[in-house]
There are 2 protein chains.
Amino acid sequence: MKKVTLNDISESLKISKSTISLVLNGRGDEKRVSKETQEKIFKFAKEHNYKANQLARGLSTGKSDMIGLVIPNISDNFYARIARRIEKKASRLGYNVVFSSTGESKIRETELIQSMLDRQVDGLIIASTQKNKDDILRLKKQNFPFVLIDRHYPDIETNYVCVNNNGGVVRAVEQLINSGRKRIGFVSLKPGLQAIEDRLQGYLETMNKHSFDVKDGFVQELDYDNIEKDMPDVIKSMVKFPASVEGIVFSTHFLAAAGLRELKKLNVRVPVDVAIVSFGQMSAFDLIDPPITSVIQPVDEIGDNAVDILLKNLENEDLDFEQMNLETDMIIRKSCGTF
Amino acid sequence: MKKVTLNDISESLKISKSTISLVLNGRGDEKRVSKETQEKIFKFAKEHNYKANQLARGLSTGKSDMIGLVIPNISDNFYARIARRIEKKASRLGYNVVFSSTGESKIRETELIQSMLDRQVDGLIIASTQKNKDDILRLKKQNFPFVLIDRHYPDIETNYVCVNNNGGVVRAVEQLINSGRKRIGFVSLKPGLQAIEDRLQGYLETMNKHSFDVKDGFVQELDYDNIEKDMPDVIKSMVKFPASVEGIVFSTHFLAAAGLRELKKLNVRVPVDVAIVSFGQMSAFDLIDPPITSVIQPVDEIGDNAVDILLKNLENEDLDFEQMNLETDMIIRKSCGTF
DNA sequence: CAAATAAGCCAAACCGTTTTAGCATTTAAA
DNA sequence: TTTAAATGCTAAAACGGTTTGGCTTATTTG
């Protein structure tokens, strides 16, 4: 059962390819093809289950109806949820999505972007490693439609949909302060991401605003690839003199999980001894002992807006850049010591 | 900065397209193209950053170097992890992956498969809704390369990579029995999935083997779309007379989470009053109160094997079907009452 | 009734590759 | 010296669509 092509239909029906193509694309009336001819074509197409070859169509039209999604890691629930949202919306609008995970590697990111371009995707949605200014600049110079999500390059003007990281962390720290903590630590990732940088700033600002010292050891930065390995020492150092914190803000959900794991191993009582707040959530955070207070990122809105902006840019060449910093929400649970 | 094509190179260099294509595909020596000519071509290609248009190439070769991944939901961590693995392996071998989530809808699945075929993907990896025999049969009849994961159709011979669901649940139930429970319940999804059916069988068999009654209300089946809504009643009915279970096996990770949530609301002590085991895991299961005993599915192996089998089938038309039922593992934690 | 208009369809170019068969020319073998 | 083989490259078809300009007829219009 070989695939039926326009040529096949053309030969069987003795009607030219052009007419058939027009009709099947719904331009039959516009092009004044008679009802009978259209009937015949539609009938034959249904019966033989004709489906256009999208590669051929793409080659011809210069549009592939695919959008590329480049993210750090599809198995991270945060990105997976964004991906789901993007996919859903995109598919309603006739687009498929190709995805790839960079694993936070700049080289991979470069390769992946290139490979998507080779595939002729119509546009890109990228949660960049932020080590990759070159590629972003190149895309921009080529006027290729793309929108950054979650992470943007502050010194490059592009479309982006991010969250107010600073503000989210401010709320997290304030929450701990409200529950009476003064010696508050901040566990984060090694710098390199603007989002992470912003979160740190949010922490520092808030501490400063309340005139709380940021003592040695209050700020800890882990390497993305060695979180499991390094977390024990980090937590140990934070819960004893001289650091001895009363509260910790974790700058990502997985840091919070790993950190809590260690706190429990050390029999530190949360939140009595150390209260914690997570920036970012996990689906079981409400079931954990204690339930984790967390800053919620508006995942759905990120996905929706990214697609909206991208599609607008596909239709219209020269739009102004759109830059969104979505506000976070916060769910207060026991871990922050408020109750 | 328009894209450079073979034609452009051909015109600039006054060398035929064919030669250039050959050379850039590494067949220069084989086709006895002189060193100098090859040099010239490579040099020009680098300088002008030539990248082949994959649509055109695909049209010409009949291969797109894309594989399609059809799953219920990318934001479910189980599938996301499989997706990550598939993507990683596939990309090493030169393939990109297009994914789509069916949301357990048969219609969506049909659409998605069709759309991937239109896109000329070279092969498919499908975690089917299992309501879709027609499509699978069609793919099979067309001899299109595909492998089913997580769920297969028992009465259709295909490639598949699944897990031993029955065996996994047997272990789960045995574990509860070991910890002294006799009145054991099973919370699952409405039938429709073979995997779910197998899990139920595993439960029934084990209960039977130990001559434990499966009382009214011991087996509860929820609708995928109404888990949050229906779980409260389900759990309520199980913890009081006449059902009043001492242990529950949840047939998926998200059921376990939702179920535990209700148990806690009702102030049922886990595992003292009711011990629980989850089939399938979540990353925070070790942090939950109590930590959840769970049957672990070999996610990485599922992904790896699926890609392996698929690629073998891409190379070789007529291979025997491969069918794998991978064994599960189990992590024992407090929730099952063993400690 | 001639000219203009509309109706209905098609030929052919094009998108950017791959691939096969074969053409000159030079070199080696008989 | 003639023939055979090797060298180095190319023309052209094919993949399966889209799209534009235009060619016939029939129908109006003046």
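All chains are named by letter (A, B, ...) in the order of the sequence lines, taking the proteins before the strands, and each is independently numbered beginning at 1.
Residue D8(A) contributes atom CG, which lies 12 Å from atom C1' of dG17(D) at whole-angstrom precision. Protein atom CZ of R119(B) is 14 Å distant from nucleotide atom P of dG17(D), rounded to whole Å. The CG-P distance, from D29(B) to dT7(D), rounds to 12 Å in whole Å. Atom-to-atom, NE2 of H48(B) to C1' of dG16(C) comes out at 18 Å; the value is rounded to the nearest Å. One interatomic measurement links the two molecules: CG of N7(A) to C1' of dC15(D), which rounds to 10 Å at whole-angstrom precision. Between the CG atom of L6(B) and the P atom of dT10(D) there is a distance of 13 Å, rounded to whole Å. Spacing between atom NZ of K31(B) and atom C1' of dT10(D) amounts to 12 Å, rounded to whole angstrom units. For the pair E30(A) CD and dT19(D) P, the computed distance is 10 Å after rounding to whole Å.
S100(A) is linked by a side chain to side chain donor-acceptor pair (under 3.5 Å) to nothing, counting only residues two or more places apart in sequence or in another chain.
Scanning both residues, R151(A) and A127(A), for their nearest heavy atoms gives CD-C, 4.3 Å. Shown here for Y153(A) and T129(A), the closest heavy-atom pair between the two residues is OH-C, 4.4 Å. Between G28(B) and Q38(B), the closest heavy-atom pair is C-NE2, 3.2 Å.
Remark: K17(B), S18(B), S21(B), L22(B), N25(B), R27(B) in residues 12-28 of chain B come within less than 4.0 Å of DNA chain C through at least one heavy atom.
Residue contacts shown for K51(A) are limited to sugar-phosphate atoms, with no base heavy atom under 4.0 Å away. K35(A) comes within 4.0 angstrom of no nucleic acid atom, judged by non-hydrogen atoms across all strands.
Note: Y160(B) and H152(B) have parallel aromatic rings, judged against thresholds of 30 and 60 degrees for the angle between ring planes.
Applying the 3.5 Å distance criterion, the base of dG17(D) shares a donor-acceptor pair with the side chain of S60(A).
Between the side chain of T19(B) and the backbone N or O of I15(B), no donor-acceptor pair lies under 3.5 Å.
Heavy-atom nearest nucleotides on DNA chain C were determined for R32(B) and for N53(B), and the one closer to the 5' end corresponds to N53(B).
Within a 6.0 Å sphere centred on CD1 of I156(A), heavy atoms belonging to other residues, nucleotides or ligands number more than 12.
For L59(A), whose side chain is taken as the heavy atoms from C-beta onward, the closest listed nucleotide among dC9(C), dG16(C), dG8(D) is dG16(C).
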